[in-house]
There are 2 protein chains.
Amino acid sequence: MTSSTPARPPGRPRSGINDVVFAATLSTVHELGYARATVERIAAATGIAKTTIYRRWPTKGTLIVDCLLDAFGPVPLEGDSRAEIMSSAIRWIAGKIGEPGVGDAFAGVFSDAVSDPGLREVLSSRLQDPYRLALQDALGEPEHRILFLIDVVVGTLLHRMGMTGEPMVDDDVDALVEMVLPFFH
Amino acid sequence: MTSSTPARPPGRPRSGINDVVFAATLSTVHELGYARATVERIAAATGIAKTTIYRRWPTKGTLIVDCLLDAFGPVPLEGDSRAEIMSSAIRWIAGKIGEPGVGDAFAGVFSDAVSDPGLREVLSSRLQDPYRLALQDALGEPEHRILFLIDVVVGTLLHRMGMTGEPMVDDDVDALVEMVLPFFH
DNA sequence: GAAGTTTCGATACCCAAGGTTTTGAAACCT
DNA sequence: AGGTTTCAAAACCTTGGGTATCGAAACTTC
């Protein structure tokens, strides 16, 4: 049982700066927008070296994805009925995308992924798949229906964000829920 | 009335190369993706100089928007009922986004616009507004409802395109129509 | 305490791509 | 012929993602 708690690996341990980097990433994206939130600026905002960021995240895209994973956390799948579960999930992701920097970062990394199959794979497997699986389980729907649901909800929220620069207002989120729910009876 | 038909401006007239540039833009984007479809490569594909492109379009974003305007053309608002009009419009834009290069170009310029308020303005006023006004007129819906409709339809189609790299299949476009129509009675 | 290993900060660097500038020639007008 | 605009070609600038190097710091084990 010597490896049940694997010994700390040799060498200098990493300092616990991930949270600081995530916070600086979101605030920098919020202030300057996605494209002008360069890795150099994010590093400067945290006070650490750019090389340290690239040692932990191989690309800017993976940094943003990890940052979003940290910002989102697990889906709260609350509610007694399927309708309540879907409704709360939609409002939850709408609220998250409305948080400062989150929507910009999401839309930005999403757009980078369009021309970058590697990043698309990261986005799909690390960010989308966990939520897709949780929703499949909670709603008892087949994969392609959940993928369609995610396309509709996230696509709509990001399109509004990208077109106006502002997150979707609550009235329109209500409309989104009202439109989606009947389709998934 | 000497200026009713304004005289041709002095100097060497522009050669009619816009169509060639648009075609080369779409094919280059289709082959290499949006980010790798550089202005230099597009120019090389047409055989004209990069400076000629920048003389006609101030930025890559405006070139792409003009290219999309040319590729889309006017919305066909056919059908006797509101349902038929909406259905045909949704299938029309889905088909256009599925054409080679169009979806990539659309998603790419859209994502650039996230961090670029100037490009966002161009995208909104030159590309979205004409279709929004035509739909408002044809469907008799207020502006915010049409904006919501565009967010849902275009957002969903682009999210699928960005996440998978492939346009949405017909079955899912059918589902999109089926979901949207009842909401707009 | 010394050797080995890994992280850190700093700096310099490479490369791609958007965009500008310059120059000389060509095409059109009056 | 002179004025004006467009064109192609080339050099150039800047930004930003990502890499390479180096010495110092922080741990481990022997």
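We use all heavy atoms of the structure for the numbers below, so side chains are in, but hydrogens, waters and symmetry mates are not. Since the model is a prediction, treat every value here as computed from it, not as a measurement. Labels below follow one simple rule: chain letters A, B, ... track the order of the sequence lines, proteins then strands, and each chain is numbered from 1.
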Whole-Å gap separating [atom2] ([N]) and [atom1] ([X]):
X	N	atom1	atom2	answer
A:W57	C:dT7	CH2	C1'	14 Å
A:R12	C:dT6	CZ	P	14 Å
A:N18	C:dC8	CG	C1'	14 Å
B:R56	D:dT5	CZ	C1'	12 Å

Passing candidate, side-chain hydrogen bond (donor to acceptor under 3.5 Å, both in side chains) with B:W57, options B:D66, B:N18, B:T62
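That would be B:D66; it is the only one of B:D66, B:N18, B:T62 passing the side-chain hydrogen bond (donor to acceptor under 3.5 Å, both in side chains) with B:W57.
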Please check: side-chain N/O of A:K60 versus main-chain N/O of A:A37, any donor-acceptor pairing under 3.5 Å?
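Indeed, once roles are kept as given, a pair shorter than 3.5 Å links the two residues.
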Keeping the roles fixed (side chain from B:S124, backbone from B:R120), state whether a donor-acceptor pair exists under 3.5 Å.
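Not confirmed, B:S124 side chain does not pair with B:R120 backbone.
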For nucleotides 9-19 of chain C, give me one character per nucleotide, 5' to 3': B if any protein heavy atom sits under 4.0 Å from the base, S if the only such contacts are to the sugar-phosphate, - if neither.
BBB-----SSB
Mind telling me whether B:F110 and A:H159 have parallel, tilted or perpendicular rings, with 30° and 60° as the class edges?
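A:H159 vs B:F110 ring planes: parallel.
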I need the single residue from A:L123, A:L147, A:L133 that forms a side-chain contact (heavy atoms from CB on, under 4.5 Å) with A:Q128. Which is it?
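The option that passes is A:L147.
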Counting C-beta onward and ignoring hydrogens, is there a side-chain heavy-atom pair between A:P167 and A:L157 closer than 4.5 Å?
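Contact flag for A:P167/A:L157 side chains = no.
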